[in-house]
Amino acid sequence: MEQDASRCLGRRALAEALVASRARTLALFDAAVRALGPALVVPVRAELNPPLWELGHVGWFADWWIARNPHRALGLAADPDVSRRPARQAARGVDAEALYHSSRVAHNVRWQLPLPDAAQTRADLERSLTDTLAWLEAADETDAGLYFFRLALYHEDMHAEAAVYMAQAVGYDPADAQTSAALDRPVSLPRRVDGSGAAELAVPPGTCDLAWHGPGFAFDNECGTQRVLVAPGRIDAAPVTWARYLPFVEAGGYDDARWWTAEGWRWRCATSARAPRYVRVDTAGWQQQRWGRWTPLEPQAPVCHVTFHEARAWCAWAGRRLPTEAEWLAVSGQPGFDWGQVWEWTASPFAPFDGFQPHPYRDYSAPWFYGRPVLKGACAATAASMVHPRYRNFFTAERNDIFAGFRSVAV
């Protein structure tokens, strides 16, 4: 049976984590206010949400599953459609579901909503956290009793990470110490003895079980049964670095359809991309844009902000391929396997494991199965509570706002 501290937080540790997560949420929001002004205007883009909406949504989500949920103690047995207590905003005549229920409020509509102002939203969040902690103190210290508190923590941590992505996309410093400390760390692994490439690890042959087997918290897409045969092979010990990737760009790889899938080439032509997002070259050499400023690029840092299409094109050019989710997981526990600085695209589609059963938060996984690749690992902006080798991230193939790179496997 698997166990991991971050997935098995008890009441005390969970309370501390919830308080710390909220502090990070508010600090990121403060950074947005400083950069954008009180109006908090951001472009209407699929990759963004209005910062004030994000702030209110985080508190609403915790209330929906905890303070307002009469089935909060039942964990996975809870009825997601159970009748709930009125939202705290209802006392002011505000329909919280019409504002913050992400499954019901279309993305593009969020810019036009009559949201409460920042002061009122902060006050709602403060009361929400107080209620959450009170219910937590009374909860059974079991996986069922703590399920929704853990869910609320991971949900808030995901939105904090999204706030860092937004800061990078809009071009301001999120003043997030965790992210800044981890970005651009050089990969310091030894080269192969023959000097022909980056360090590699052996992929052990055998059967890899991809699914989570408790105790503790798991997301529904991690559960079930999924045993996959893995063939022997060689995989990069660390994600591909800029020093390995940029020769593809310099060789005209973005103008050569041979290296791209049909879907990838359509993306390349539609976007006119000639290099990864936030990267350019001038007379001084390669630079990257970070928080709206151009700085010299660290050649030994992992490639970041590349799409799934770009990752596959580089692999085709280099005579390699993306690893499957099973290959990544089979090697993830080996000494020398460097991960956690960037999310890593894999060749595996995001799909349910055998025996999949949706958890009460029905819209977390099932609507997004098929059509998206799985990403493994974590990135510099990922909260420590979220970092786990079994975690399955999933974004559409064209997304390059996320802190994503990749590693490769020998063909």
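In this text the structure is predicted, and so the values were computed from the model without any measurement. Residues: numbered from 1 along the sequence shown.
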Should we say atom CZ of Arg12 is surrounded by more than 12 heavy atoms from elsewhere, each under 6.0 Å from it?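 Not buried by this count: 12 neighbours or fewer within 6.0 Å.
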Is the number of heavy atoms from other residues, nucleotides or ligands within 6.0 Å of CH2 (Trp265) greater than 12?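 Buried by this count: over 12 neighbours within 6.0 Å.
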CG/Asp143 to CZ/Arg7 distance, rounded to the nearest 0.5 angstrom?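 That separation rounds to 11.5 Å.
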Qualifying residue for ring-ring contact (aromatic ring centres under 6.0 Å, His included) with Phe406, from Trp345, Phe308, Trp343, Trp314: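 Among the candidates, only Trp314 passes.
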Mind checking side-chain hydrogen bond (donor to acceptor under 3.5 Å, both in side chains) for Thr179 and listing every partner two or more places apart, or none if nothing turns up?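 Only Asp176 meet the side-chain hydrogen bond (donor to acceptor under 3.5 Å, both in side chains) criterion with Thr179.
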In the structure I gave you, are the side-chain heavy atoms of [X] and [Y] within less than 4.5 Å of one another anywhere?
X: Leu36; Y: Val41; answer: no
X: Asp131; Y: Arg88; answer: yes
X: Ser408; Y: Ile235; answer: no

Are the side chain of [X] and the backbone N or O of [Y] linked by a donor-acceptor pair below 3.5 Å?
X: Arg390; Y: Ala211; answer: yes
X: Glu222; Y: Phe219; answer: yes
X: Arg312; Y: Leu322; answer: no
X: Thr121; Y: Asp117; answer: yes
X: Lys376; Y: Pro389; answer: yes

Only one of Arg407, Arg321, Arg234 forms a salt bridge (charged side-chain N to carboxylate O under 4.0 Å, His left out) with Glu327, so which one is it?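 So, applying the salt bridge (charged side-chain N to carboxylate O under 4.0 Å, His left out) to Glu327 and each of Arg407, Arg321, Arg234, only Arg321 qualifies.
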Which pairs, with at least one residue in residues 275-286 and sequence neighbours excluded, count as a salt bridge (Lys or Arg N to Asp or Glu O under 4.0 Å)?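 Those involving residues 275-286 are Glu47-Arg277.
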Set of side chain to side chain contact (heavy atoms under 4.5 Å, CB included) partners for Thr396, sequence neighbours left out: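 For Thr396, the residues satisfying side chain to side chain contact (heavy atoms under 4.5 Å, CB included) (neighbours in sequence not counted) are Arg372, Glu398, Arg399.
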Could you check, using the six-membered ring where one of them is a Trp, whether Tyr147 and Tyr361 have ring centers closer than 6.0 angstrom?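 No: the rings miss the under 6.0 Å criterion.
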